[in-house]
Amino acid sequence: MVKKAHLITGKGGVGKSLFAAALAQHLSTQSSSKKAAVLLTELSEHSFYRDFLKQPNISYIPKPWKQGVDLAQWSPDDCLKEYALHLLKIESLYRLFIENPVTKSLIQIAPGLQDLAVVGKLTSSPRRHGPVMNYDEIVVDSYATGHFLSMLRAPSSLQEAVPFGPMGEQTKSINECIRNPGFTQIHLVCLPEELPVTESIELYNQLKNEFGITANFYLNKMSLLNVSDLSGLSAEAIMSLQNLLESEAWSREKLKSAGINFIELPLVTLPHADEIISTIARHLDEPGKVL
Amino acid sequence: MMDLKPETKTVICIGSGGVGKTTLAASLAAGWARDGKKVLVLTIDPSLRLTQTLGVTPDGDIHEVHLPEGSKGKLFSCVINHQKTFDWFIRSAAQDANVQLLLENRLYQQLSGKLSGSQEFTSLISLYRYVNSGDYDLVVLDTPPSQHTWNFLKAPEKISMLFNEGVASWFRQSDEAPNFFKKIINLSTTQVLKALEMLTGSQFMKELSSFFRAVQRWEGPLEAYVSNCHRLLISPTTEFILVTALDSSRLNEAQKLSREISKQGYHLTCVVINRVPVWAQHETSAKDLSPRVQDLKNYYKSLADNLKSGLEQFKKGLRIYKCFEQQQKAEDMTGLLLNYDHIVTIMYTN
């Protein structure tokens with residue numbers, strides 16, 4: 001049974017997908033079991049892992065990626081299909097249901113339903129609803145800031161609109177599950193730059209106040225430079241790197257004064273995806289920097 | 001600086017997140033305004049980025065932005081307020097007292113407000129509204145990261161689906177027979193509705209049918225509006241500008257996006273490689289760099305070296321620009337204009 005769901009979010013372009021892969025790798029090495037204990041799944045419509053990890057067969061059905069980690073891509077449509085089939089049982093009725101214009105346009109125009117389907121799938125194992133999932137933990141390379149919040153809010157929003165009936169029951173149990181800090185872990189990835197930091201602090205506080213969840217905060221792509229490293233460089237280089245250092249110092253200070261604990265991750269300068277992921281995973285393994 | 005076709009009225013900036021798209025959109029708008037055009041820049045990102053950059057408030061109103069002395073044009077900015085825009089759209093399309101019915105429908109409220117659904121659509125409505133107003137020489141739109149670009153471009157199609165042959169009619173209520181379920185004679189339709197009810201409950205079905213009934217009243221005006229929006233997107237006076245960065249995953253994503261949007265008939269004309277760190281190219285002054293500086297230098301340099309092969313993957317006929325990395329606090333007006341002036345052509349493929 002799935003005991004924990006790790007949701008990765010942050011502003012666009014901060015390195016969520018690579019971090020998610022590294023976290024999955026890190027978690028799998030913590031597990032003693034031999035079978036795949038971790039499922040890494042991405043929600044983006046156009047797969048990032050297909051190209052970046054060279055996994056041309058990535059799909060809704062999990063496939064082995066590396067020791068202890070399976071890889072999948074969840075589209076809202078797939079999640080909804082699985083759920084509908086599970087409830088309706090009868091194949092022909094299900095096909096009629098899924099492949100008719102009313103359902104199709106309904107799903108298309110109300111993305112709240114799509115978000116609900118994804119969160120429903122995510123929480124299906126502890127709710128004992130739907131097909132069995134044989135993983136201990138799921139790592140979700142999730143949406144960027146704004147969409148992420150709407151996704152988490154989808155169950156409670158729809159519960160407000162439709163409080164009773166089967167859908168009301170479902171949204172209620174999904175909502176309870178997603179707000180359980182023992183189950184849902186949120187990892188907020190951020191760059192040491194002014195706007196991402198400001199926006200991420202805002203999200204951190206929203207998650208805390210609205211969902212009672214304290215996110216793990218990461219400052220990603222840190223330069224690991226010191227002021228002393230800059231001596232002897234050209235004026236141009238000094239200006240560029242000094243800006244970088246100032247921005248990093250500003251970010252640390254800003255987070256400290258907001259009372260947020262954070263973990264620093266380095267900018268990995270290696271060329272291959274596997275090397276980058278392993279390097280970040282090693283940083284997550286290090287004692288004193290445990291999650 | 002960047003050249004547009006003289007007839008261009010609309011510029012849409014697209015690209016993956018974290019490449020400085022918003023700042024670039026603001027820089028372009030500021031530059032074109034300084035050089036003589038009357039420009040409006042719209043952002044659809046729910047974050048407060050442009051707000052912080054241009055010092056406006058996210059109230060959905062249009063604000064004039066102060067330009068330096070000697071500027072030849074004018075700059076206006078607006079952070080789109082989705083709820084306000086959607087309501088404005090519904091009211092202006094309806095011209096009918098029954099608008100209240102829809103505004104009170106809880107599914108509508110979910111659709112337009114709390115959920116992420118209609119934001120792409122409302123940006124499109126705003127874009128159409130302001131381009132069509134004729135008040136500006138140029139309207140510049142900053143879009144959310146590329147994942148959402150698809151949602152944005154598909155917005156007209158999605159709304160059209162509401163009026164798909166038959167869909168609305170399934171939920172249509174005739175005045176003589178209040179129970180619309182009774183009107184349905186087709187067996188398979190009944191089965192589908194039963195399945196829907198089994199999955200969602202009868203209350204949801206009630207909301208759904210009243211939503212479709214309310215929406216159906218403006219089938220005509222809505223559909224006309226939607227097709228006008230689509231026409232605006234594919235118009236030759238609309239230019240798409242793709243913003244990307246040096247690293248390979250973003251370049252890759254940009255290439256995919258550029259092929260796809262050109263295939264769909266949109267006019268992608270420019271690609272901007274943003275935030276190019278210029279120092280790494282020719283840093284030779286120090287003999288013994290610290291290992292980490294050496295490391296970073298090699299990293300940035302290899303990215304720049306790989307750029308050429310990366311650029312060849314873009315489709316022919318695009319103007320490709322490079323914009324150098326700016327000082328950190330470059331988000332005031334001086335910084336924006338400096339940014340604009342530092343955009344250089346690196347390739348003009350044919």
Side-chain angles (χ1 to χ4, degrees), chain A residues 11-14 44-46 48 51-52 84 87-88 93 96-97 100-106 108-112 115 144-147 150 153-154 157-158 161-162 164-168 191 194-195 198-199 223-225 228-230 232-234 236-237 239-241 243 246-247 267 269 271, chain B residues 16-19 45-49 52 106-107 109-111 114-117 144-145 147-148 150 158-159 161-162 164-167 170 188 191-192 195-196 198-204 207-208 249-250 252 256 277-279 283 285-286 288-290 292-293 295-296 298-299 302 325 327-328:
Chain A
K11 205 166 143 68
V14 296
S44 98
E45 204 176 322
H46 299 263
F48 174 83
D51 293 337
F52 212 75
L87 271 191
L88 295 171
L93 189 57
L96 191 65
F97 171 72
N100 79 80
V102 173
T103 318
K104 271 189 181 161
S105 59
L106 181 69
Q108 281 292 313
I109 59 158
D115 289 339
T145 323
H147 191 181
S150 337
R153 282 173 184 156
S157 306
L158 278 164
V162 190
F164 308 111
M167 188 150 160
L191 292 184
E194 187 180 342
L195 291 177
T198 313
E199 209 177 286
S223 71
L224 306 184
L225 286 175
S228 60
D229 290 326
L230 306 191
L233 291 171
S234 70
E236 204 172 33
M239 190 198 81
S240 173
L241 295 176
N243 277 334
E246 269 170 31
S247 170
L267 169 71
T269 56
Chain B
S16 26
V19 296
D45 199 307
S47 88
L48 304 178
R49 278 186 287 181
Q52 290 169 338
R106 276 179 293 190
L107 271 185
Q109 288 165 4
Q110 297 302 327
L111 211 70
K114 285 185 186 159
L115 305 178
S116 62
Q147 246 179 11
H148 289 273
W150 300 112
K158 278 189 187 176
I159 297 292
M161 282 184 83
L162 267 176
N164 248 353
E165 180 72 35
V167 175
W170 286 22
S188 68
Q191 272 184 324
V192 170
L196 253 176
M198 186 176 151
L199 283 173
T200 60
S202 60
Q203 203 199 353
F204 182 77
E207 291 281 337
L208 191 64
S249 66
R250 290 218 182 86
N252 236 312
K256 268 195 276 179
V278 68
W279 66 274
E283 185 61 30
S285 56
D288 37 20
L289 297 176
S290 83
R292 183 61 179 171
V293 171
D295 207 24
L296 289 174
N298 292 342
Y299 174 67
S302 75
E325 178 190 36
Q327 291 185 39
Q328 203 56 42

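Only this structure's heavy atoms are used, side chains among them; waters, hydrogens and symmetry mates stay out.
Taking chain B as the reference chain and counting heavy-atom pairs below 4.5 Å, the highest number among A/Val14, A/Leu267, A/Thr145 is found for A/Leu267.
In terms of the salt bridge (Lys or Arg N to Asp or Glu O under 4.0 Å) criterion, residue partners of A/Asp51 (sequence neighbours excluded) are, by chain and number, B/Lys256. Residues that satisfy the side-chain hydrogen bond (donor to acceptor under 3.5 Å, both in side chains) test with B/Asp295, not counting sequence neighbours, are A/Thr269, B/Arg292.
Residue A/Ser223 comes nearest to B/Leu296 through the heavy atom pair O-CD1, 4.1 Å, listed as atom of the first residue, atom of the second, then distance.
For A/Leu191, no part lies under 4.5 angstrom from a heavy atom of chain B.
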